[in-house]
Amino acid sequence: MDIFKNTLILFVTSFIKEKNKTGIEPKEAEKLIKLPPGNSYGDYSVASYYLTKYGLKGKPGDIAAEFLNYAQANFGQIKDFFRKIEIKGPYVNFFVHKEKFILATVGNVLKNNRNYGRGHLDKPERVIIDFSSPNIAKPFGVGHLRSTVIGMSLANIYEFCGYDVLKINYLGDFGVGAGKLITAFCRYDDIDFHEFEKDPIKVLYRLYVQIHKEVQEDKSLEEDARLKFKRLEENILRTKRMLEKYLENLRDGANASGKEDNWNAIKITAENKGDFCKTSAGQYKIWSLFKGLSIEEFKRIYKLMGIGFDVYEGESQSAEFANEVVEILYKSGLAIESEGAIIVPLKGVKTPALIAKSDGTSLYLSRDIVTAVLRMAKYGYGKMIYVVGSEQSLHFSQLFNIFDVLKERKNALKGNPVFQKYASSAAGKLVHVKFGRIIGMSTRKGNLVFLEDYIREAMLKAMEKLKERDGISDDGHPPEGFDEKDCGKDIFTLNGRESAALKIGIGAVVFNDLKTRRDTDVNFNWDNVLSFEGQTGPYLQYTVSRINSLISRLIKETGNGAAGTGNIIFHAAAGVKEAGVSFDDEFSVSERDKDFDEIYLIAKQFSIFKDDVEEALNFNEPSIISSYALELASLFNKYYQNYRLIGQDFEYIKARLYILTAVRAVLTNALKLLCIPILERM
RNA sequence: GCGCCCAUAGCUCAGCUGGAUAGAGCGUCAGACUACGAAUCUGCAGGCCGGGGGUUCGAAUCCCUCUGGGCGCACCA
């Protein structure tokens, strides 16, 4: 928070204290301060109608007048920060000393640089973010992209605000879908094992498509897949452990999965395929291999996008304990039998919460109960966020309600004290961060779009643009995690320009998903994603590289003008950039400068960065950061267009150099929170 | 049928924890490159904030209702 706002908060606080004797919490007082819509209303407003909540009586206008009297009488307390007070209807408007405001705000940015806007918690709360969570038996499509980018951005935001974040990828490695894939693999004889070795995901995708088509016509295949899954489950569950004891030991560093499969040791060829398919142990190995290959593929794409996880978990790991939890709930009377299945009666949710099928096998819901408890035991958390599409709202509302029941009626669980402890602890800490669907997403041929193809389309478009500019390119470093060998295909042979194109493509795709509020369904439109103008990722990236370009240009030009001066500026800028400490009183702007108003607006935008980050956190809404970044970029681009710096005198340029550096710092921080790659040049 | 979500400019969306004249981008049209990078900027036009009712000094924002769309609703995940 900026010192001007803070001063005003304290000022209002003392006014209230004088009036009602009890005072007001600073957090509450902050709500009284508003940012007026236009600059003719001043810079900060105190909305008098809010004061009625704190014991002041009368019409808003009268209260405002009362506060105005107080403010004028005690103006001495704030005269260092504010130059004028006006009353307008129910508002008391405060006008800041703009020169001081700019100085303080820009200085604050430069001092903190990469940490500008960062929060700190004395005791960082552990927040688990469960996101992306692709299914190994299904291709990774754009639906997962939304969860992935929203989740990653939230992780960044929480971390930035001082939380202890744990990112978990909960793989869908369980279910009949897995059985189908095994059925397909064993059924089709035309698998190209050369291709399988080189590009396993493509082959798996074809198997997926083929079997799903065939199952439509031949129901016996569905049965076969179910059988294969049942055998798989038996293999996964073969080392059954007792939940209570397991939970107790978790804190001692026991491995949650307990089983580490060695993917690389499995080699399946056209010759030995039949042997694997014959036995359930062999089928288990096929599944393991698919799982391993899928994870490798996911990791490659994640890394490319600058996304990483702390933990990879699989549903199969929770399945082990699902039946036992069902048993515990049933015996304790919290769950009852209904139409042959087991359900948990819930107050708020009408649809029965089914935790076990009539054949006794576990369900998604029961496995999620296990997972939340296991994670509490293993990692502990003050909050756990599931970033999953809104179509699963019912599921999560059932899950959360079940935990409320487990806590309310914990006496019923006293036979299982450890389970009871962790389950009670989890209650009320689970959050579903849902998002709308992407409607109409398909390739131009009408198929499902792979994430990689999606990025590739955007990259190709960026390539065209870069060629038009000719000669201007990034520094040639590919994005972190890029490995030409892994990709090994056409456009992924990077030179500097291509590396830039890839970053731009990723920026376009990611920002397209983060710029709107989560809840709204988005109508997918290729023209929207492939537009790089206006409210887009490339616009933001362009702004940063334009600043870079301008800064180096200024250093060069000024150096040529007067001997030595270029050096001074260079050191000032470099010092600010590298160490963030060289800001000092050399810097000043004057109200008489023609660009003063625009600079003030930019400084004003700096001052609200942290507020917006906190709002994004409170609402779990990355799009708030997106809007912020667009606004800042827009303010800068307007400034850039209207005021030429080259050719101005030394002092003038020097002050602007600080401001440019500050814009770059704040924009960079915002883009990092959004997982938008930054380019030196583009 | 029940539940959740959504409805703001031609299109895509901000604004929604009630507050001052409802804002951007795209598109249309008219402008700005001998110029710090035109992936930019300036301007024009475009709105009974889906309809109706209510609460309030004050409603795009909260409540009710209707309409239109999305999603979900017992053994899939």
Side-chain angles (χ1 to χ4, degrees), chain A residues 31 34 36-38 40-41 45 47 49-50 59-61 88-91 93 133 135 137-138 172 174-177 315 338-343 349-365 367-368 388-395 397 434 436-437 439 462 465-466 468-469 472 504 508 512 515-517 519-523 525 527-528 531-536 538-543 545-554 556-557 615 618-619 623-624 626-627 630-631 633-634 636-648 653 656 660 681-682:
Chain A
K31 291 180 189 163
K34 297 274 174 185
S40 66
Y41 295 116
S45 296
Y49 38 79
Y50 280 120
K59 289 180 189 166
K88 267 235 166 69
Y91 296 95
N93 297 329
S133 305
N135 197 315
K138 279 184 203 160
F174 204 72
V176 181
E315 269 188 87
S338 169
E339 296 177 28
I342 309 292
I343 65 164
V349 188
K350 282 180 191 163
T351 310
L354 204 60
I355 56 172
K357 303 185 218 172
S358 37
D359 69 0
T361 56
S362 71
L363 280 163
Y364 182 33
L365 187 56
R367 291 195 287 274
D368 266 7
V388 181
S390 58
E391 63 271 17
Q392 293 201 35
S393 289
L394 178 61
H395 167 75
S397 126
K434 62 190 173 181
R437 292 163 49 85
I439 299 161
K465 285 268 189 186
L466 287 171
E468 283 168 24
R469 293 184 171 284
I472 297 174
I504 295 165
N512 186 251
K515 72 179 175 187
T516 56
R517 289 177 76 94
D519 268 353
T520 46
D521 294 343
V522 301
N523 289 309
N525 182 346
D527 293 338
N528 276 344
S531 157
F532 295 169
E533 285 158 26
Q535 299 169 335
T536 66
Y539 171 80
L540 298 171
Q541 293 170 317
Y542 176 74
T543 307
S545 39
R546 205 183 206 190
I547 296 170
N548 285 331
S549 173
L550 177 55
I551 288 176
S552 53
R553 189 70 199 274
L554 283 173
K556 206 172 128 202
E557 296 284 325
E615 200 185 338
N618 289 334
F619 289 96
S623 69
I624 291 168
S626 304
S627 299
L630 284 174
E631 181 62 24
S634 167
F636 168 76
N637 281 318
K638 278 171 192 159
Y639 178 84
Y640 179 92
Q641 203 74 28
N642 290 326
Y643 301 98
R644 247 181 104 68
L645 296 180
I646 284 178
Q648 302 292 324
I653 289 179
R656 273 77 193 160
L660 289 176
R681 308 178 65 200
M682 67 187 271

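Not measured: the values here are computed from a predicted model. Below, chains carry the letters A, B, ... as their sequence lines are ordered, and counting in each starts from 1.
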> Counting heavy atoms from C-beta on, name the nucleotide in B:C76, B:C13, B:A39 closest to the side chain of A:Lys465.
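Looking only at side-chain atoms, A:Lys465 lies closest to B:A39.
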> Mind checking if A:Leu354 touches a base, just sugar-phosphate, or nothing, with heavy atoms under 4.0 Å?
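A:Leu354: base contact, heavy atoms under 4.0 Å.
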> Between B:C41, B:A20, B:G37, which one does the side chain of A:Arg546 approach most closely?
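Of all the options, the side chain of A:Arg546 is nearest to B:G37.
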> Identify, between A:Val522 and A:Ser40, the residue whose nearest nucleotide on RNA chain B lies closer to the 5' end.
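Per heavy-atom nearest nucleotide, the more 5' residue is A:Val522.
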> At less than 3.5 Å, do the side-chain atoms of A:Ser549 and the base atoms of B:G37 form a donor-acceptor pair?
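By the distance-only test, yes, there is a pair.
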> Just to be sure I understand the rule, does A:Ser358 reach a base, reach only the sugar-phosphate, or reach nothing, if contact means heavy atoms closer than 4.0 Å?
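Counting heavy atoms under 4.0 Å across all strands, the contact made by A:Ser358 includes a base.
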> Pick base, sugar-phosphate or nothing for A:Leu630, based on heavy-atom distances below 4.0 Å to the nucleic acid.
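It contacts nothing in the nucleic acid.
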> Within the 4.0 Å heavy-atom criterion, would you say A:Leu645 contacts the bases, only the backbone, or no part of the nucleic acid?
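The residue A:Leu645 makes base contact.
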> For the side chain of A:Ser531 and the backbone of A:Asn528, is there at least one donor-acceptor N/O pair under 3.5 Å apart?
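Side chain of A:Ser531 to backbone of A:Asn528, a donor-acceptor pair under 3.5 Å: no, none is there.
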> What is the nucleic acid contact for A:Ile342, judged by heavy atoms within less than 4.0 Å: base, sugar-phosphate only, or nothing?
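Answer is nothing: A:Ile342 stays at 4.0 Å or more from every strand.
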> When we call it a touch if two heavy atoms are under 4.0 Å apart, what does A:Asn93 touch: a base, just sugar-phosphate, or nothing?
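If one applies the 4.0 Å heavy-atom cut-off, A:Asn93 turns out to touch a base.
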> Do the side chain of A:Asn512 and the main chain of A:Ala508 share a donor and acceptor less than 3.5 angstrom apart?
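Side chain of A:Asn512 to backbone of A:Ala508, a donor-acceptor pair under 3.5 Å: no, none is there.
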> Check whether any side-chain N or O of A:Tyr364 sits under 4.0 Å from OP1 or OP2 of B:A77, and answer yes or no.
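No, no such contact exists.
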> Give every pair of a protein N or O atom and an N or O atom of nucleotides 67-70 of chain B that lie under 3.5 Å apart, one pair per line with the distance.
from	atom 1	to	atom 2	distance (Å)
B:G70	O2'	A:Asp521	OD2	3.0

> Give A:Ala341 one of three labels, base, sugar-phosphate or nothing, depending on what nucleic acid heavy atoms sit under 4.0 Å from its own.
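The residue A:Ala341 makes base contact.
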> Reading RNA chain B from 5' onward, which residue's closest nucleotide shows up sooner: A:Pro352 or A:Asn637?
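Closest to the 5' end, via its nearest nucleotide, is A:Asn637.
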> Tell me what A:Ser338 touches on the nucleic acid: a base, only sugar-phosphate, or nothing, going by heavy atoms under 4.0 Å.
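A:Ser338: base contact, heavy atoms under 4.0 Å.
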> Which is true for A:Glu315 with a 4.0 Å heavy-atom rule: it touches a base, it touches only sugar-phosphate, or it touches nothing?
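It contacts sugar-phosphate atoms only.
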> Where the side chain of A:Ser45 is concerned, which of B:C76, B:A20, B:G37 is the nearest nucleotide?
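Nearest nucleotide to the side chain: B:A20.
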> Does B:G37 have its OP1 or OP2 closer than 4.0 Å to a side-chain nitrogen or oxygen of A:Tyr539?
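The answer is no; no side-chain N or O of A:Tyr539 sits under 4.0 Å from OP1 or OP2.
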> With 3.5 Å as the limit, what N/O pairs link the protein to nucleotides 14-17 of chain B?
from	atom 1	to	atom 2	distance (Å)
B:A14	OP1	A:Arg517	N	2.7
B:G15	OP1	A:Arg517	NH1	2.9
B:G15	OP2	A:Arg517	NH1	3.3

> Check nucleotides 25-28 of chain B against the protein and report each pair of N or O atoms closer than 3.5 Å, with its distance, or say if there are none.
from	atom 1	to	atom 2	distance (Å)
B:G25	O4'	A:Gln535	NE2	3.2
B:G25	O2'	A:Gln535	N	3.2

> Heavy atoms from C-beta onward define the side chain here; which of B:C6, B:A39, B:A35 lies closest to that of A:Asp519?
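Out of B:C6, B:A39, B:A35, the nucleotide with an atom closest to A:Asp519's side chain is B:C6.
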> By the 4.0 Å heavy-atom rule, please label A:Glu391 as base, sugar-phosphate, or nothing.
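The residue A:Glu391 makes sugar-phosphate contact but no base contact.
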> From B:C5, B:A77, B:G37, pick the nucleotide closest to the side chain of A:Tyr542?
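Nearest to the side-chain atoms of A:Tyr542, counting from C-beta on, is B:G37.
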